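Since the model is a prediction, treat every value here as computed from it, not as a measurement. Each chain gets a letter, A, B and so on, in the order its sequence line appears, and its residues count up from 1.
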Amino acid sequence: MKDELSKAYEAQKYETEIYKRWEESGFFAPNKDSKAKPFCVIMPPPNSNGSLHIGHAVFVTLEDIMIRYHRMKGEAALWLPGADHAGFETQVVYQKKLEKEGRNWFHIPREELYKEIWDFTQTNKKVMEGQLRRLGASCDWSREIFTLDERIVKTVNETFKKLYDDGLVYRGERIINWCVKHQTTLSDLEVKHEEKDGALTHIKYSIKNSDKFIIVATTRPETMLGDTAVAVNPKDKRYKNLIGEIVILPLVGREIPIVADAAVEMEFGTGAVKVTPSHDPLDFEIAQRHNLEKIQVIGQDGKMTVAAGAPYAGLKAEEARVKVVEDLRALGLIVKEEPHKHVVGACYKCGRVIEPLVLPQWFIKVKPLTEKALKAVKAGKTKFVTEKFEKIFFHWLKNLRDWNISRQIVWGIRIPVWYRSADAHGKSEEIYVGTEAPKGDGWEQEKDVFDTWFSSSQWPFATLQITGDFKKFYPTSVMETGYDILPFWVMRMLMLGLYATGRVPFQTVYLHGLVRDKDRQKMSKSKGNVIDPLGVVDMYGADALRMALVFGVSAGNDIVISEDKIRAHRNFANKIWNASRFVLMNLGDDSKPTDSAELKKQKLTSADAHMLKRLSEVVKRVTKFLDKFEFHLAAEEIYQFFWHEFCDKYLEEVKPRLQIEGEEKRAAQAVLRETLVSSLKLLHPFMPFVTESVYQMLSGKEKQFLMIEEWPK
RNA sequence: GGGUUCGUAGCUCAGUUGGUUAGAGCGCCACAUUGACAUUGUGGAGGUCAGAGGUUCAACUCCUCUCGGACCCACCA
């Protein structure tokens, strides 16, 4: 049998087969009735709009290490997988797909689109699940849930209703971030800020019944058509006597007041600000304070509205900007235009400059939720690995503003609110918030859907409630994900988890970094430096990739990976394979699982004793590192030990003894087996496939999976 | 403007609460090897731990400053 083994480990020959046997064994699912200590990780559900990238391989590796380790420790280890419909993200992907096919998104009926995207995601989901299997994810597939599962939708609607009843969600006409290309609002977190070269234009506004004027400075001259005031700082001596005066808005002729507001910076520009409540966040606030009229001069299409006036209506905002300046110049009202670098918000997907608009949207009043989250983390209910993320987290929580959860998209959970318009019943507009449609005629459901993160934020408790595991597994043990979604997801899961269940959703947050290439560059399709995890798995095996992703990477730091590094760990897998082959060849026919009783009978040489002593030290250290989430140290420890102590030293030392029958040979055999088997166990969470393949050969008749063997002590 | 963080061998990074000759992977040099493995072994070169000051019996590790990066946030129009 031993001669059949090839000289080199051929990953592709074993991995798929082994995974199948693991899955069929049912050991991915924790025993429901066991009294064992629970250990639970909720998988961050991958987006079902494409295939897995290297970042997914990172979370699979880290979470699978944790799960396999705790499973071997005899705990009830649950890793609950899922797939994310990924609302806006998926809609963007699908829009691009339609564009390529020459179809127009906006011409397709809502229901039809929804159906199409549904099918699209379900296809992707299947591919993705296969890929997770290839990577060795030992998650419990019987519990897998899709984020649009009707039971999830129900939970999400109930949470919304509860928030509404508690006064924590409100519908507000507020200034929001509008993406003209995608025709939807975005939350503040989805807006990226970019520095752009622009101009600061100084414009003369003349004061009524006087020959005086006031000069305002703006980066968006076209919005002046919607001005309803000019604001100055109340402390500004230059303008003190102008406060309360009326200004005649050029080009428009509207009479607007000069108001005093502390939000105006005296040092910037001229110290006088034109106030356009409908198109600037600060101006909107000033307008609220001074009860100013709001005039919308830019529409959702990014073009000037009728309210902008005859020569401008219909022009794109950028075109209007040019024309407004021209017209003002013709009137001699442009004082100067100076080059000006300023920061503008842009859609995080398409990069197009955000158009601030006033629209009725649903907002979550964030303060009561952040306060609870802050308190819970400060009390140590949830710990961050590493601590630096706790600081960042606090900073986030303290500065968060109300969260717009309305999205004008198709792909998502429709907000469970119904309106009955005024003319239907002669009354003023009615609003109904509930999980089901209200009775009676004339009700129309809100067209907007939830921000995906609103439903995702409920994921830990929503899923466990569905699978019936809430009682045993909530709060979950570890939330493992990338640090880039700390504010989007982790923070909000804490907020909504605490709100809905009264308890934190997870005890530990472990955050990993971004994957970078060997030149420390972010991986992206456009740079052409992406490593396709599945391609790597085909070439070098999943174990090699997994090991390469943890080796030398401490928690929270970015992960540098190159083909060289993966190859190095493919070599390590091969080392494991060959060392095992050697041990097998020298064990004789009694290659049964390790038996420490048998070991005790042997007369050990000092080399044997040393080996066993080292083994026991390494077991302790690896265990300690795993408990402290120091995966890289655990990996390095067992790597060094196995290769350079066990293989390079002990194996070589013992070779002569194995040639001569006798007690020295038997002792060597016992130590070889003991050390190898324990090492395989320690290595298993990191490199599950090779270790299991080898173990299956070692264990002979009494076949049990290494996956569920007991963790060494 | 606010925040976080980093600067250790040629490259990418470890270095647990401060404690003997500072480590790994890859790369490099020399040698060995048909005997578990060339996806190998043995040996080796290579670091004033960014710089300055301070605390200490002792600092890569703590404190301050300087220089130089990275990232995140942000309504000076």
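The same atom, P, is picked in B:G41 and in B:U55; the two are 49 Å apart, to the nearest Å. One C1' atom belongs to B:A58, the other to B:U5, and the distance between them is 28 Å to the nearest Å. Taking the P atoms as reference points, B:C72 lies 39 Å from B:C29, given to the whole Å. Spacing of P atoms, B:A45 relative to B:U4, comes out at 43 Å, to the nearest Å. The gap from the P atom of B:G46 to that of B:A9 amounts to 14 Å, rounded to the nearest Å. Spacing between B:G10 and B:U20 at atom P, rounded to whole Å, works out to 24 Å. Comparing B:U66 with B:G27, their P atoms sit 42 Å apart, to the nearest whole Å. Rounded to whole Å, the separation between the C1' atoms of B:G47 and B:C11 comes to 14 Å.
Using a 4.0 Å heavy-atom cutoff across all strands shown, A:Val560 reaches sugar-phosphate atoms only and no base atom. Among the heavy atoms of the strands lying under 4.0 Å from A:Asn557 are primed sugar atoms or P, OP1, OP2 only; no base atom is included. Here A:Lys192 lies in heavy-atom contact (under 4.0 Å) with sugar-phosphate atoms only. Within the nucleic acid shown, A:Ile561 has no heavy atom closer than 4.0 Å to any nucleic acid atom. Nucleic acid contact for A:Val583: none, since no nucleic acid atom lies under 4.0 Å from a heavy atom of the residue. Within 4.0 Å (heavy atoms only), A:Arg401 reaches at least one base atom of the nucleic acid. Contacts of A:Gly269 with the nucleic acid, taken as non-hydrogen atoms under 4.0 Å apart, are absent. A:Tyr639 comes within 4.0 angstrom of the backbone, heavy atoms only, and of no base. Across all strands shown, A:Asp484 has no heavy atoms under 4.0 Å from either base or sugar-phosphate atoms. At a threshold of 4.0 angstrom between heavy atoms, the contacts of A:Glu630 with the nucleic acid are absent. Residue A:Ala217 is in base contact, counting any heavy-atom pair closer than 4.0 Å across all strands shown. The residue A:His644 sits close only to the backbone: its heavy atoms come under 4.0 Å of sugar-phosphate atoms, none of a base. Residue A:Asp188 is in sugar-phosphate contact alone, with no base atom involved, counting any heavy-atom pair closer than 4.0 Å across all strands shown. If you check every strand for non-hydrogen atoms under 4.0 Å, A:His342 touches sugar and phosphate atoms only.
Here B:U56 sits opposite no nucleotide as a Watson-Crick or G-U wobble pair (both hydrogen-bonding atom distances under 3.5 Å). B:G35 is unpaired under the criterion used here, namely a Watson-Crick or G-U wobble arrangement in which both key atom distances are under 3.5 Å.
With rounding to whole Å, A:Lys655 atom NZ is found 11 Å from B:G41 atom P. Spacing between atom CD of A:Gln640 and atom P of B:G23 amounts to 12 Å, rounded to whole angstrom units. What separates CG of A:Asp564 from C1' of B:U39 is a distance of 13 Å, to the nearest Å. With rounding to whole Å, A:Ile392 atom CD1 is found 7 Å from B:U5 atom P. If you measure from atom CD of A:Glu653 to atom C1' of B:U42, you get 15 Å, rounded to the nearest angstrom. For the pair A:Trp643 CH2 and B:U40 C1', the computed distance is 8 Å after rounding to whole Å. Summarising the geometry, the separation between CZ on A:Arg516 and C1' on B:C6 is reported as 12 Å, rounded to the nearest angstrom. To the nearest angstrom, C1' of B:G41 lies 7 Å from CG of A:Asp648.
Using a 4.5 Å heavy-atom cutoff, the side chains of A:Phe631 and A:Leu626 are in contact. Taking the side chain as every heavy atom from C-beta outward, A:Val252 and A:Leu225 approach each other to under 4.5 Å.
In this pair, A:Phe488 and A:Trp453 present their aromatic rings tilted. The plane angle is within the 30 to 60° band.
Scanning atom types as modelled, no donor and acceptor separated by under 3.5 angstrom connect the side chain of A:Lys565 and the base of B:C26. The base of B:A14 does not come close enough to the side chain of A:Glu637 for any donor and acceptor atom to sit less than 3.5 Å apart.
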Can you give me every donor-acceptor pair (side chain of residues 539-552 of chain A, partner residue at least two apart or in another chain, under 3.5 Å) with its distance?
unit_1, atom_1, unit_2, atom_2, d
A:Tyr540, OH, A:Glu563, OE2, 2.7
A:Tyr540, OH, A:Arg567, NE, 3.4
A:Asp543, OD1, A:Phe689, N, 3.1
A:Asp543, OD2, A:Phe689, N, 3.4
A:Asp543, OD2, A:Val690, N, 2.7
A:Arg546, NE, A:Phe686, O, 3.1
A:Arg546, NH1, A:Asp64, OD2, 2.9
A:Arg546, NH1, A:Leu135, O, 2.9
A:Arg546, NH2, A:Asp64, OD2, 2.9
A:Arg546, NH2, A:Pro685, O, 2.8

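In the set B:U16, B:C75, B:G15, B:C75 carries the atom at the smallest distance from any side-chain atom of A:Leu282. Taking every side-chain heavy atom of A:Glu265 into account, B:C76 is the closest of B:C75, B:A14, B:C76.
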Practice problem: Please assess A:Phe389 against A:Phe393 for the test ring pair (Phe, Tyr, Trp, His ring centres under 6.0 Å), listing each intermediate value before the final yes or no. | Solution: CA-CA 6 Å; A:Phe389 290 116; A:Phe393 176 75; over 10 Å; no
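Salt bridge A:Asp402/A:Lys365: absent, no basic N to carboxylate O contact under 4.0 Å.
Under a cut-off of 6.0 angstrom, the local environment of CD in A:Glu195 is crowded, with over 12 non-hydrogen atoms contributed by other residues, nucleotides or ligands.
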